[in-house]
Structures are given as structure tokens and as C-alpha cells.
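Keep in mind it's a predicted model, so treat the numbers as computed, not measured. Ligands are counted one by one from 1 in listed order, and the atoms in each one are counted from 1 as well.
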Amino acid sequence: MDQNMVIERGKQLFVQNYAQFPIVLESGEGLYVKDLDGNKYLDLVAGIAVNILGYQDKGFIKAVDEVLHGGLIHCSNLYWNQYAVSAAQKLINLSAMKRTFFCNSGTEAIEATIKLARKYGSSIKAGKTEIITMENSFHGRTMGSLSATGQPVYQKAFEPMLKGFSYAKFNDIESVKSLLNENTCAIFVEAIQGEGGLTAADDKFLQELRVLCNQNETLLVFDEIQSGLGRTGTMFAFEQAKITADVVVLAKGLGGGLPIGAMLVAEKVSEVFAPGDHGSTFGGNLLVAAAANYVLGRLEESSFLENVKQVSSYFRESLKLLKTKYPQILELRGRGLMIGLKFEKPVRELINLCRTKGLLVANAGANILRIVPPLTISKKEVDEALKILDAALNEF
Ligand SMILES: *Cc1c(COP(=O)(O)O)cnc(C)c1O
């Protein structure tokens, strides 16, 4: 089948909740993916900040292969599996957290966190079950996480939302204070809003949230699903504000492409869940846990984060130069390899121009170009991307 046939069939077969770009991706190697017609693309999307090791990483393949050849991919959480225990150990070593829960996606990790926060709050005081999140945030698409997502456009058609959520202005501590009360069990925040437009939280804002949460027996929850796991040059983006978290939520890059999410909890909430409180049939099965264990092993190597720091600062400096050449670029956003370029008009056409020239980039909202490449990207690949972006901007 050629690409167009696949696309035409797909359009008939799926509910129409996506607006796919018209290519069918088939294989990958390093930082490159190929479509069904053999066209090659430099991939700075990485399956939306997921494929952090790029494609065909030898160690990754070996780790996953070992499970496949052992014959047992899944055993449920009725039993233990050593891959999940090893992955959990690495997560704990890499964070200042105490325990973890594995699920299959970001939204599920948020759902687990909503339940944990409510049970924690209720144990302090009846009715302490309210959660503050931020305007323009994104926490997922299931009803709980959608209720947490402070963007009415995503919610409107699916009302009523879950009760007990309110939305503060991002980077505005007074707005948080006006909503906070003795019934607030948790505040959810992204250190860098991903879908919301690559906007970074001010260190001071996060530090003040920490103080407010401490004063009010409220959990400070960092949604690091997109910004975590080395993407900004540190294990988690919030660490750069020199504060601690009560809960950290992960997914996207954790399985290097295989679906796994995690909720990490600090000591003070490490005993909140008891047997039967929560669960997941697939969560942390042997296959995905082996993948996560390998990814986390790579994150433990100091050279891995060093590459992110060096390449991202090179990338960002180069983009600043590009910005001086093209005044339609209004702003360079994000941190590390979580990059946003704000334009004065919608970027879909720019994304199409890049693609036809062999470069995959994405958007975050209509006017923001999003670049979230594999964390193994090199300066040489950055140069190639910049060349294509420059050519595309010329026509944009
Ligand atoms: C992607 C994302 C989610 C949702 O994760 P899914 O795996 O798609 O459910 C939640 N929060 C943030 C910050 C994200 O980037």
C-alpha cells in the first residue's frame, strides 16, 4: 500500500478526534524517521517528547528483547516482576521521592494523584478535597485530568467536570492565594507548561507555592510528564527552582516509546494508599518496565544530561540569531530541549513547509512552534534542523 491508500482507509476507520499530518511513518534510526514512501525526516517531535533516546538505541532494543524472549510480557500486579522493581529503584535514586506507582500514561498518573491527594486531604479534615491547578495548564484527557486542565476549550463539550477544581493564574501568586483555603488538598503545576505554550514558571512563583503548601497542609504536585526526565537539563524541571515536590507525575519519555506513566510520592504521602485503593491491570508490566529501567539507566549517566545542557544552549543561541533574521518570530520560549517559538500567526503552514523539506516539528496551540527532540540530539543535527527551518521561514 502507498501512503495515500493508508491515509484514505484510516480516515474511514477511526473516530475523527485527530487531525493527522498526511504521512505514514514506518521506521526510525537515530534522529531520523522514514515514511512509507521512503522519505526521510529529521525528527524534532519524537512522538511528542516521548522517544527520548531516538530510534534503534542498541541497549534499549536489548533490554526489551530480553523480556520478549523470556516469553512473559505481562503478569499483572497480582505478582511482582523484577523489571518494575529495578525501574522503581532507579526512579527513587534519581529523585528525592520515596515510593512510586506505575500506570500506562500521563493521564492515568494524574488520576492516581487526584485520588491520592483527596485521600490525604480527607485524612486531615473532612472536605479537604479541593485542588487548585493553573489556567492554560494541561494534565490529560480523562474526566479527572480534564477537570484539572485549566483550558475551557478542552472541557466545554464534556461537562459536567469533576467537582472541586479551581484555576489560578500561572505565575501569579496572588491569584493562587485568593483560591487557597483550608479545604485545598493539592496544587498541581507544570514547571513549564507544555501544551499551554511552552511557558516556564518563574522560580519565585514555584518557591512561593512551596511555602503556601507547607503552611496549609496542601500537597505540591509537579506534572513533569513533558518537562521531566532530563528534557530541560535536570532530572525534573522544577528542581531548577531549588524546591522539593510532594508528588511528581511522569509519563511521555519514561518508556522510551513504550507506554508507561508513574506517580512518585514523597515520604509524607508514601503511606496514603492501602491495598485496594488504586490499581492498573497493565501498569508497569515486564516489557514497559524493562524499557523504563533502561531509559532511567541512561539518565543516571552524567554525560546524558551534559549533552542536553550543551546541545540545548547551542540550539537556543542559534534560534536567537534566527529570531533576529525573521521578525515574525515573536518569542523564544521554554527551557533546555523543550523549545517554543511564538509567531504572530498560526504555524500549521510552517510545520507543513518544514515537513516537505525533511524536518518534523510540532505546535503547541495555534501560534507556537514546538520542538521537543530526542535528548540524544547532536549539534550536527541541530545545524541541519536550523538550515531547514531557515529555508521554511523564508517561504512562510
Ligand atoms: C502529555 C501530557 C499529559 C497527558 O499524558 P497522556 O500520556 O497523553 O495521557 C499530561 N500532562 C502533561 C504536562 C503532558 O504534557
Q: Evaluate the criterion side-chain contact (heavy atoms from CB on, under 4.5 Å) for residue pair K325 and D390; output intermediate values, then yes/no.
A: CA-CA 9 Å; K325 184 169 169 192; D390 193 339; 2.9 Å; yes

Within the 4.0 Å heavy-atom shell around [X], which atoms of ligand 1 are there?
| X | result |
| --- | --- |
| E190 | 13 (C) |
| Q226 | 15 (O) |
| H139 | 10 (C), 11 (N) |

Q) At what distance is the nearest protein heavy atom to atom 11 (N) of ligand 1, and which residue and atom is it? A) D223 OD2, 2.7 Å

Q: Give the residue and atom name of whichever protein heavy atom lies nearest to atom 9 (O) of ligand 1, and the separation in Å to one decimal.
A: T107 N, 2.8 Å

(Q) Suppose we screen for ring-ring contact (aromatic ring centres under 6.0 Å, His included). Which residues come up paired with F101, at least two apart in sequence or across chains? (A) H278

Q | Verdict with supporting geometry, D43 and Y55, side-chain hydrogen bond (donor to acceptor under 3.5 Å, both in side chains) | A | CA-CA 10 Å; D43 180 12; Y55 308 101; 2.5 Å; yes

**Q.** Residues that A84 engages under side-chain contact (heavy atoms from CB on, under 4.5 Å), provided they are two or more places apart
**A.** N81, F102, A289

Q.
Please report whether ligand 1 has a polar contact with G106, defined as an N or O pair separated by less than 3.5 Å (distance criterion only).
A. yes

Q.
Taking the cut-offs as 6.0 angstrom to the six-membered ring centre and 45 degrees off its axis, would you call R141 and F158 a cation-pi pair?
A. no

Q) Are K345 and F396 in a cation-pi contact, defined as NZ or CZ under 6.0 Å from the six-membered ring centre and within 45° of the axis? A) yes

Q: Heavy-atom distances under 4.0 Å are what count here, so tell me which part of R141 touches ligand 1: side chain, backbone, both or neither.
A: neither

**Q.** Location of contacts on K252 toward ligand 1, heavy atoms closer than 4.0 Å
**A.** side chain

Q: Examine F222 together with F188 and report whether their ring centres are nearer than 6.0 Å.
A: no

Q.
Tell me the nearest of F222, F188, F138 to atom 3 (C) of ligand 1, using heavy-atom distances.
A. F138

